[in-house]
2 protein chains.
Amino acid sequence: MNLSKTSKYAFRVLGQMAKNEKELYSAQQLHKEIDVPERYLRRLLTDLSKYGFIKSIQGRQGGFAFARDISKIFLIEIVVAIDGLDSIDGCILGYDSCAFDHACPMHNIWEETKRKVIETLTKTSLKDIQNAGLKL
Amino acid sequence: MNLSKTSKYAFRVLGQMAKNEKELYSAQQLHKEIDVPERYLRRLLTDLSKYGFIKSIQGRQGGFAFARDISKIFLIEIVVAIDGLDSIDGCILGYDSCAFDHACPMHNIWEETKRKVIETLTKTSLKDIQNAGLKL
DNA sequence: ATTAAATGCCACTTGCATGTAGTATTTTAC
DNA sequence: GTAAAATACTACATGCAAGTGGCATTTAAT
Ligand code: SF4
Ligand code: SF4
């Protein structure tokens, strides 16, 4: 049950960009709007474009814009791309691989909660969090 | 939304100890039963005794036993002691302090899920996870 | 008394996520 | 064509959680 700081940064950036879906945002501009270190943000944006959420346009007047419809980009995809599904779905006791034939007591107790977390991340799109993550 | 590896270790250890509530467990014995590095486990057990979940008995034939009724030790207490409440309850966008007068879009979306997580940790006691966390 | 088996304390090491720096590349403005 | 403003790449630095090691202390068995 882990969400890396980087994933949280991604939520902020993409939430901010979702404010105007078509706009081309530069890293510098985004850095001013949300509170993420500029160089780190640049690398993150490059990564996000490799993951296919956004596209990058190089050169002067360049920047980043969405590569897909923001109503069809769901938070779970972002988390999976950055942290991997196991960060959310993995064993709550931290075992890498579980060899129980039958689930241990903790498993069933946690199952429903885990499902809720995944469900929320799965059904929430960037459209739903437009304008989330403004700098304080 | 973070649960440290150490908290997960604590779930394993205490879940294992809850198997026989009254038994006195040595670190070495527990190390054999669950998969946690021995030295790290010893430190964790000492910490857990400082937090008041268990008590330590020094000297030969010493070990650790519960200091309180296991049906009244709830997982949330363990997480709060080790990671702090903010690890669960903190801003999902990673802001240290949020200055929004009105909650941002993400806040309300996440609220219910967060509540579910906290509720599950709050209502689950060590009694409920007896024998959880056996070594593979 | 001596030894053995346990916890307690403190400092160090390691691994990994986060953050920074330098430089190359791309494209536009003039 | 040159400079400016943007992204791309790669290597290095930093900070913190996780893990290890040495030795002191406590207590029971002998
Ligand atoms: S059964 Fe228990 S140990 Fe196995 S994956 Fe589920 S919670 Fe983890
Ligand atoms: S309102 Fe938004 S930024 Fe503020 S604490 Fe809630 S999720 Fe975080």
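Note on naming: letters A, B, ... go to the chains in the order of the sequence lines (proteins, then strands), and numbering restarts at 1 for each one. If you're wondering where the values come from, they're calculated on a predicted model, not measured in any experiment.
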Any side-chain heavy-atom pair of A:Thr113 and B:Thr113 under 4.5 Å: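 When only atoms from C-beta onward are counted, B:Thr113 and A:Thr113 do not touch, as no gap falls below 4.5 Å.
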Would a 4.5 Å heavy-atom cut-off, applied to side chains only, mark B:Leu126 and B:Phe74 as touching?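 With C-beta onward as the side chain, the pair stays apart.
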Across the strands shown, which category fits [X] at heavy-atom distances under 4.0 angstrom: base, sugar-phosphate, nothing?
| X | answer |
| --- | --- |
| B:Lys55 | nothing |
| B:Gln28 | sugar-phosphate |
| A:Lys50 | sugar-phosphate |

side-chain N/O [X] vs [N] OP1/OP2, d < 4.0 Å:
| X | N | value |
| --- | --- | --- |
| B:Thr6 | D:dA18 | yes |
| B:Ser56 | C:dG8 | yes |
| B:Ser49 | C:dT7 | no |
| B:Lys5 | D:dG19 | yes |
| A:Ser26 | D:dT7 | no |
| A:Tyr9 | C:dG19 | yes |
| A:Thr46 | D:dA8 | yes |

Could you state the [atom1]-[atom2] distance from [X] to [N], rounded to the nearest angstrom?
| X | N | atom1 | atom2 | answer |
| --- | --- | --- | --- | --- |
| B:Ile57 | C:dA5 | CD1 | C1' | 14 Å |
| A:Gln29 | D:dT7 | CD | P | 10 Å |
| A:Leu45 | D:dA6 | CG | P | 13 Å |
| B:Phe64 | C:dA5 | CZ | C1' | 13 Å |
| B:Leu44 | D:dT20 | CG | C1' | 15 Å |
| B:Lys8 | D:dA18 | NZ | C1' | 13 Å |
| A:Tyr40 | C:dA17 | OH | C1' | 6 Å |
| A:His31 | D:dA5 | NE2 | P | 17 Å |

Under 4.0 Å between a Lys/Arg side-chain N and an Asp/Glu carboxylate O for A:Lys116 and A:Glu112?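 Result for this pair is no, no salt bridge flagged.
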When you check the gap from the basic side-chain N to the acidic O, do B:Glu77 and B:Arg68 get nearer than 4.0 Å?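 Here B:Glu77 pairs with B:Arg68 in a salt bridge, since their nearest N and O are under 4.0 Å apart.
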Test applied, side chain to side chain contact (heavy atoms under 4.5 Å, CB included); reference residue, A:Ile88; option that passes from A:Leu121, A:Val80, A:Asp83: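 Among A:Leu121, A:Val80, A:Asp83, the one that satisfies the side chain to side chain contact (heavy atoms under 4.5 Å, CB included) with A:Ile88 is A:Leu121.
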Quiz item: A:Arg43 side-chain donor-acceptor pair to D:dT7 base, under 3.5 Å: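 No, the side chain and the base share no sub-3.5 Å donor-acceptor pair.
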Side chains of B:Asn2 and B:Ser87, donor plus acceptor under 3.5 Å: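 No donor-acceptor contact under 3.5 Å links the two side chains.
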We want to know whether A:Gln29 and A:Gln16 form a side-chain donor-acceptor pair, criterion being a heavy-atom distance below 3.5 angstrom.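 Judged by distance alone, the side chains do not pair up.
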Could you list by number each residue of residues 79-91 of chain B showing a heavy-atom separation from DNA chain C of less than 4.0 Å, or answer none if no residue does?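 DNA chain C contact set from residues 79-91 of chain B: none.
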Which angle, to the nearest 10 degrees, lies between the helix axes at the two ends of the helix from C:dA1-D:dT30 to C:dC30-D:dG1, each defined by five pairs?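 It comes to 10° between the two terminal axes.
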Could you report the tightest heavy-atom contact between A:Glu23 and A:Ala65, atom names first, then the distance?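 Reported closest heavy-atom pair: O-CB, 3.8 Å.
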Would you mind telling me which of [options] lies closest to the side-chain atoms of [X]?
| X | options | value |
| --- | --- | --- |
| A:Arg60 | D:dA3, C:dT7, D:dA8 | D:dA3 |
| A:Arg42 | C:dA29, C:dT23, D:dT20 | C:dT23 |
| A:Gln58 | D:dA8, D:dG19, C:dT20 | D:dA8 |
| B:Arg39 | C:dC9, D:dG19, C:dA29 | C:dC9 |

Within 45° cone of A:Phe64 ring axis and under 6.0 Å: A:Arg42 NZ or CZ: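 The answer is no, since A:Arg42 fails at least one limit relative to A:Phe64.
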Scan for salt bridge (charged side-chain N to carboxylate O under 4.0 Å, His left out) pairs involving residues 87-97 of chain B, sequence neighbours excluded, and state none if there are none.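 Applying salt bridge (charged side-chain N to carboxylate O under 4.0 Å, His left out) to every pair that reaches into residues 87-97 of chain B, excluding sequence neighbours, yields B:Asp89-B:Lys114.
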Checking salt bridge (charged side-chain N to carboxylate O under 4.0 Å, His left out) for the pair A:Glu38/A:Lys32: CA distance, chi angles, key distance, verdict? CA-CA 9 Å; A:Glu38 185 170 350; A:Lys32 283 176 194 147; over 6 Å; no
